[in-house]
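First the structure, in the form of structure tokens, and then the observations on it.
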Amino acid sequence: HIRRLIVTEKFCHLLSKKEATLKKLPRFEELEAIIDEVSQFIVEQELARGDMQTPVTQYVAKISSIDASKYFVRLLKALGKDKLSRQLYFRVQTRKESLSLLLQKLHVNQIDRETFFAQLDAANFEPKRLIEVMLYNTSLLSILSDYIGWSGLEQTAWYFVAHTAESTTDYEKAKITEYSAIAMEDFQRGAFDRKWFLQAYNAMEPSQFKIVYDAAKYSTSGANHRRAQLYARASLGELDRAILFNEIVQKRNQDKLRAYSLLPATIAEAKECYLFLQQFLKQSKQFGAQRRASEAAAVEMAIQNLAEQVSSGNATQFMWQVENERFLELEQYFSPQTIDDFELQLVQQETGKIQLSVIKAGKALKSVPKNFTKNEHVLAMQAARKELMEQYSRTRLQLERAMCEEALFDSELIYTLVKNSTFEQLFSKLVWMQADQFYMLKNGTFVSLNNEEVNVKGSVKIAHPYDLYEAGIWRAW
């Protein structure tokens with residue numbers, strides 16, 4: 001009679017429903033008892049099966065949950081030495097797939113820990129096997145971590161779940177937020193919590209960490225575990241910077257690009273990495289729109305990861321500091337450079353365009369004389385001009401984005417940046433706001449609409465035209 005009940009379409013639908021949904025139905029307790037009986041029947045049939053499918057194999061995927069206290073040990077023993085199946089279960093066929101999926105459906109809602117631990121003691125599973133299962137089914141992660149008893153195990157396991165999972169349940173999100181403030185969506189985009197990783201790594205013995213590292217593949221059906229492992233190796237300094245750099249240049253691998261920003265770096269190396277990321281982003285213009293968007297997202301995340309390491313996670317402040325420092329390094333070229341009878345210097349126009357000025361005997365020339373085109377000083381000035389033009393364009397886009405995202409700027413940082421002529425030229429064209437007050441920048445100082453100097457402290461943001469409209473001062477500004 002159970003088999004006849006299972007094959008009805010409506011019951012298959014109920015079998016897959018979660019308890020919270022079933023509770024809304026009339027005669028819930030009776031229905032729950034029937035579903036539990038049918039689920040146990042299916043599990044028993046699959047435990048007893050050989051290589052051939054049973055009449056109920058096709059319904060394994062329909063089961064919502066199974067009591068771990070009854071079936072965990074039996075299912076794992078039945079699986080034997082077979083590896084857990086990492087395939088997506090649109091259709092279960094083999095014995096390995098069936099048992100693996102049933103292990104994924106185990107839950108520990110009201111389990112007696114003492115009894116469960118006694119069952120595990122009797123079964124004598126290796127820690128490696130239990131770690132694979134708890135990454136495979138995260139509802140078992142906490143209780144199995146407690147049973148194994150390794151220091152830092154649960155924290156490390158959740159690190160790999162956060163950095164590998166294609167999707168997460170509410171329970172998983174809640175557990176991950178206990179360790180990290182980074183949103184799950186950002187982890188899926190390639191974010192990396194360096195502080196969390198190092199805490200987890202330092203809490204474990206290297207040999208124990210290696211077991212969790214190898215088992216990370218069971219927390220995903222795809223290849224995301226390789227990204228998490230790559231990030232881990234990069235953070236520990238186990239990757240060669242030069243080799244990784246060449247692989248990124250040749251293959252434009254986005255995971256390796258993000259990993260490059262995770263290598264332990266000095267301030268100078270971080271600045272060099274940032275400039276390389278910006279160059280990588282510029283080169284993506286040669287590709288189609290979809291790839292450009294993908295590479296832009298990878299660069300954004302790499303900069304964020306880099307800022308986490310050297311700037312307390314403030315990516316915006318880190319970017320502006322690096323851009324400003326780079327400008328100061330190139331600022332010398334705005335001063336006259338004498339080469340034989342010629343005087344050369346970079347000149348910035350109001351439009352932001354930078355020209356290479358060449359003067360001989362007080363007369364401006366249209367271009368650099370041919371016999372000087374390969375002069376090392378001239379080449380350096382031309383390279384500086386090109387880089388400064390790119391910086392101007394990059395800065396303008398960043399400011400536009402900051403306005404749309406309502407990003408906050410520390411006023412002290414603004415006062416520092418406006419000493420840079422490129423930034424001063426752009427910043428002075430913007431309206432800034434703090435609470436309901438609006439300002440402009442003139443000669444490195446904030447001024448009100450009445451042209452009165454104001455000593456602004458704290459955070460400010462770029463006013464959007466809508467802010468001016470909403471404040472009723474659109475025409476005034």
Side-chain angles (χ1 to χ4, degrees), residues 15-16 18-19 35-36 38-51 53-54 56-113 115-117 119-148 153-154 157-158 160-161 164-169 171-172 175 211-212 214-222 225:
L15 194 64
S16 63
K18 294 184 178 179
E19 184 178 351
I35 290 174
D36 186 53
V38 172
S39 297
Q40 290 187 51
F41 175 79
I42 294 173
V43 176
E44 292 294 344
Q45 294 294 305
E46 292 303 299
L47 280 168
R49 69 172 281 186
D51 294 334
Q53 296 185 45
T54 71
V56 295
T57 298
Q58 59 183 312
Y59 304 111
V60 168
K62 297 290 185 180
I63 298 175
S64 175
S65 64
I66 306 168
D67 185 356
S69 63
K70 292 182 180 179
Y71 290 109
F72 177 81
V73 171
R74 292 181 63 193
L75 285 169
L76 196 54
K77 277 188 173 181
L79 190 63
K81 294 184 179 180
D82 287 345
K83 294 182 179 179
L84 295 162
S85 176
R86 297 177 57 234
Q87 297 178 10
L88 293 174
Y89 297 104
F90 296 113
R91 186 179 179 187
V92 176
Q93 293 182 323
T94 67
R95 182 174 184 274
K96 172 183 171 180
E97 290 173 349
S98 177
L99 296 175
S100 296
L101 183 54
L102 289 171
L103 280 167
Q104 272 196 336
K105 294 179 178 293
L106 293 172
H107 284 274
V108 288
N109 294 334
Q110 296 178 340
I111 197 166
D112 184 319
R113 294 170 69 90
T115 302
F116 185 60
F117 284 2
Q119 292 175 2
L120 294 175
D121 287 338
N124 196 30
F125 295 120
E126 291 184 1
K128 177 178 179 292
R129 188 62 156 171
L130 295 177
I131 290 170
E132 291 173 349
V133 176
M134 75 187 201
L135 284 166
Y136 195 66
N137 180 350
T138 56
S139 67
L140 304 171
L141 198 154
S142 293
I143 194 168
L144 289 180
S145 293
D146 289 346
Y147 173 75
I148 295 169
L153 174 58
E154 184 172 359
W158 280 117
F160 280 108
V161 172
T164 59
E166 294 98 337
S167 60
T168 49
T169 63
Y171 167 74
E172 290 170 337
K175 294 297 292 186
I211 292 174
V212 186
D214 291 338
K217 62 184 177 183
Y218 292 109
S219 63
T220 176
S221 60
H225 64 286

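Just so you know, residue 1 is the first one in the sequence shown, and it goes up from there.
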Do you know which two heavy atoms are closest between Ala215 and Leu135, and how far apart they sit? O-CD1, 3.5 Å
So, do Trp158 and Glu172 sit near enough that their side-chain heavy atoms are less than 4.5 Å apart? yes
CZ of Phe116 to CD1 of Ile143: how many Å apart, nearest 0.5 Å? 5.5 Å
Nearest atoms (heavy-atom pairs only) where Leu140 meets Ala68: CD2-CB, 4.1 Å
Main-chain N/O of Leu47 paired with Arg74 side-chain donor or acceptor, under 3.5 Å: no
Minimum heavy-atom separation for Leu79 to Ser100, with atom names? CD1-OG, 4.3 Å
Show the nearest heavy-atom pair for residues Asp67 and Ser69, with the distance to one decimal. OD1-OG, 2.8 Å
Compare all side-chain heavy atoms of Val43 with those of Lys105 and state whether any distance is below 4.5 angstrom. no
For the atom pair CD (Gln119) and CG (Leu76), what is the distance rounded to the nearest 0.5 Å? 12.0 Å
Are the side chains of Val133 and Leu106 in contact, using a 4.5 Å heavy-atom criterion? no
Sort out for me which residue in Glu46, Arg49, Glu44, Arg95 forms a side chain to side chain donor-acceptor pair (under 3.5 Å) with Thr54. Glu46
Closest approach of Ala123 and Val73, non-hydrogen atoms and distance? CB-CG1, 3.8 Å
Smallest heavy-atom separation, Lys96 atom then Lys83 atom, equals CE-O, 2.7 Å
Run the side-chain contact (heavy atoms from CB on, under 4.5 Å) test on His225 and Tyr218 for me, step by step, so that the C-alpha distance in whole Å, both residues' side-chain angles and the decisive distance to 0.1 Å come before the verdict. CA-CA 8 Å; His225 64 286; Tyr218 292 109; over 6 Å; no
For a 4.5 angstrom cut-off between non-hydrogen side-chain atoms, does Thr168 reach Thr138? no
Approximate separation, where rounding is to 0.5 Å, of Leu101 CG and Asn137 CG: 10.5 Å
Thr94 side chain to Glu97 main-chain N or O, any donor-acceptor pair under 3.5 Å? yes
Tell me whether Asp51 at atom CG has more than 12 heavy atoms from other residues, nucleotides or ligands lying less than 6.0 Å away. no
Give, for atom CZ of Arg113 and atom OH of Tyr147, the distance between the pair rounded to the nearest 0.5 Å. 12.5 Å
Enter the distance from Ser139:OG to Gln104:CD here, rounded to the nearest 0.5 Å. 9.5 Å
Between Lys175 and Glu154, is there a side-chain N and carboxylate O pair less than 4.0 Å apart? yes
When rounded to the nearest 0.5 Å, the distance separating OG of Ser85 from CG of Leu103 is 11.0 Å
Assess the residue pair Leu130 and Phe72 against the criterion (side-chain contact (heavy atoms from CB on, under 4.5 Å)); give the C-alpha distance rounded to whole Å, side-chain angles, the decisive distance to 0.1 Å, and a yes or no. CA-CA 11 Å; Leu130 295 177; Phe72 177 81; 3.9 Å; yes
